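These numbers come from the heavy atoms of this one structure, side chains and all, not from hydrogens, waters or symmetry mates. In what follows, every chain begins at residue 1, and chains take the letters A, B, ... in the order their sequences are listed. Since the model is a prediction, treat every value here as computed from it, not as a measurement.
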2 protein chains.
Amino acid sequence: MGARSMDEAPAGWDEVATRLRARGLRWTAQRRTLVGVLAGTSGHVTGADLVERCRAVDPTTTPSTVYRTLDVLEDLGIVRHAHGADGREEFHVRPAADHGHLRCDRCLQVWEIGPDEARSLVAAIEAARGFTVDLSHLSISGRCAACREASPRG
Amino acid sequence: MGARSMDEAPAGWDEVATRLRARGLRWTAQRRTLVGVLAGTSGHVTGADLVERCRAVDPTTTPSTVYRTLDVLEDLGIVRHAHGADGREEFHVRPAADHGHLRCDRCLQVWEIGPDEARSLVAAIEAARGFTVDLSHLSISGRCAACREASPRG
DNA sequence: GCCCGTATTGCAACGAGTTGCAATAGCATC
DNA sequence: GATGCTATTGCAACTCGTTGCAATACGGGC
């Protein structure tokens with residue numbers, strides 16, 4: 001792994017323990033493992049992925065514990081999750097800004113959609129329905145430019 | 001149930017058999033059951049829902065067969081599926097027009113988003129990235145107006 | 001009306017994720 | 001440092017959905 005380059009942990013993974021305790025929650029070995037894994041993760045991961053990575057650190061890791069802890073961390077705003085095109089859970093770690101995802105059905109590549117890009121949609125729906133869009137849970141499927149050209153109707 | 005009011009079966013469920021055979025596919029008892037169930041269904045259903053309804057008609061129904069048949073029917077454009085907020089599969093039958101869904105995290109109600117409402121988003125993404133959005137697979141989460149008022153930050 | 005290629009089925013095992021419950025272990029307090 | 005409340009864990013069983021494989025049966029051709 002080499003020296004971790006301290007890619008500006010968004011708000012300090014060390015605070016997590018404190019924030020948990022402040023809520024009357026507990027800082028356990030299992031949570032330490034998961035938070036450690038998350039701190040070394042960037043971008044998007046599936047739940048199963050995280051379970052596996054935790055197992056690499058601590059082979060006794062149990063799925064239910066990981067998923068339950070992820071719930072707690074989501075409450076704290078430390079991770080967010082959405083569902084991929086296949087419905088599988090997909091977590092992203094401490095997004096700097098809220099963002100959604102754009103996924104090509106064909107090449108399976110994923111891009112992020114920033115607030116500005118989604119603004120028109122968000123605004124339209126807010127105006128028409130008074131509905132507040134949760135951008136971080138938004139996942140849009142379709143066909144990217146490259147794949148469209150490659151197979152216009154495949 | 002009363003008399004079914006013939007709510008204009010979108011293009012004729014009777015054609016399904018023909019369209020399957022035209023592709024070299026087969027019209028089996030199991031498919032007849034599922035198509036029958038779909039014909040009597042409107043709006044959105046989960047996969048598990050459909051399995052259950054098929055079982056009501058034919059108790060020997062097997063999940064794998066239902067899901068595989070749904071795949072085939074989706075190829076034919078007869079059903080579409082997206083994933084709910086919990087990632088569960090959600091089918092909708094023969095939509096008159098492509099539409100996405102808007103779901104409130106809190107009250108779990110669902111609304112449809114028509115092409116016009118989504119147009120601004122679709123256009124923005126198409127313009128910026130050349131990405132074609134699959135509206136029928138779009139599922140947006142957030143908080144509806146009523147729930148926002150009821151609990152501003154809950 | 002029978003034959004045969006192959007699409008389809010049912011089974012069984014699997015993967016992702018969730019949940020109820022009894023046992024364990026944080027951590028605040030004394 | 002010991003105590004007690006209760007958050008958390010691990011287990012086992014469950015749900016939804018998918019997949020490989022051998023057996024079945026659809027339906028076009030004779």
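Nucleic acid contact class of A:Gly87 (heavy atoms, under 4.0 Å, all strands): none.
When ring centroids are compared, A:His81 and A:His137 come within the 6.0 Å threshold.
Listed candidates were C:dT18, D:dT8, C:dT9. Nearest to the side chain of B:Arg31 is C:dT9.
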Atom pairs, N/O to N/O, protein against nucleotides 2-6 of chain C, distance under 3.5 Å?
| residue | atom | partner | partner atom | Å |
| --- | --- | --- | --- | --- |
| C:dG5 | N2 | B:Arg26 | NH2 | 2.8 |
| C:dT6 | O2 | B:Arg26 | NH1 | 2.9 |
| C:dT6 | O2 | B:Arg26 | NH2 | 3.1 |

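In terms of modelled atom types and a separation under 3.5 Å, the side chain of A:Arg53 and the main chain of A:Val37 share no donor-acceptor contact. Listed for the A:Arg26 side chain is no donor-acceptor partner under 3.5 Å among the backbone atoms of A:Arg21. A:Arg19 contributes a side-chain N or O that, together with a main-chain N or O of A:Leu76, makes up a donor-acceptor pair within less than 3.5 Å. Formation of a donor-acceptor pair under 3.5 Å by the A:Arg55 side chain with backbone atoms of A:Thr61 is found in this model.
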Item to complete: Could you give me the CA-CA distance, side-chain angles and deciding distance for B:Arg103 and B:Glu90, then say whether salt bridge (charged side-chain N to carboxylate O under 4.0 Å, His left out) is met?
Response: CA-CA 12 Å; B:Arg103 177 192 332 270; B:Glu90 208 154 83; 3.5 Å; yes

Worksheet entry | Residue pair A:Asp134, A:Arg80: steps toward the salt bridge (charged side-chain N to carboxylate O under 4.0 Å, His left out) verdict | CA-CA 11 Å; A:Asp134 175 5; A:Arg80 310 266 6 200; 3.8 Å; yes

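Between the NE2 atom of A:His83 and the C1' atom of D:dC16 there is a distance of 13 Å, given to the nearest Å. Rounded to a whole Å, the CZ atom of A:Arg88 is 7 Å from the C1' atom of C:dG15. The CZ-C1' distance, from A:Arg21 to C:dG26, rounds to 9 Å in whole Å. The CD atom of B:Glu52 sits 12 Å away from the P atom of D:dG17 (whole-angstrom rounding). Atom-to-atom, CG of B:Asp86 to P of D:dG17 comes out at 9 Å; the value is rounded to the nearest Å. In this structure, the CG atom of B:Asp58 is 18 Å from the P atom of C:dT8, given to the nearest Å. Here the C1' atom of nucleotide D:dC16 and the NE2 atom of B:His81 are 13 Å apart, to the nearest Å. Between A:Leu73 atom CG and D:dT8 atom P there is a gap of 11 Å when expressed in whole angstrom units.
Within residues 62-69 of chain B, the residues that place at least one heavy atom under 4.0 Å from DNA chain D are, in residue-number order, B:Ser64, B:Tyr67, B:Arg68.
With the nearest nucleotide of DNA chain C identified for both A:Thr28 and B:Ala29, B:Ala29 has the one nearer the 5' end. For B:Thr46 and B:Trp27, each mapped to the nucleotide of DNA chain D holding its nearest heavy atom, the one lying further toward the 5' end belongs to B:Thr46.
Paired with A:Leu70 under the rule side chain to side chain contact (heavy atoms under 4.5 Å, CB included), one option of A:Thr65, A:Leu50, A:Ile78 passes, and it is A:Leu50.
Note that NE2 of B:His83 is 12.5 Å distant from CG of B:Leu138, once rounded to the nearest 0.5 Å.
Put simply, B:Gln30 has no side-chain N or O that comes within less than 4.0 Å of OP1 or OP2 on D:dA25.
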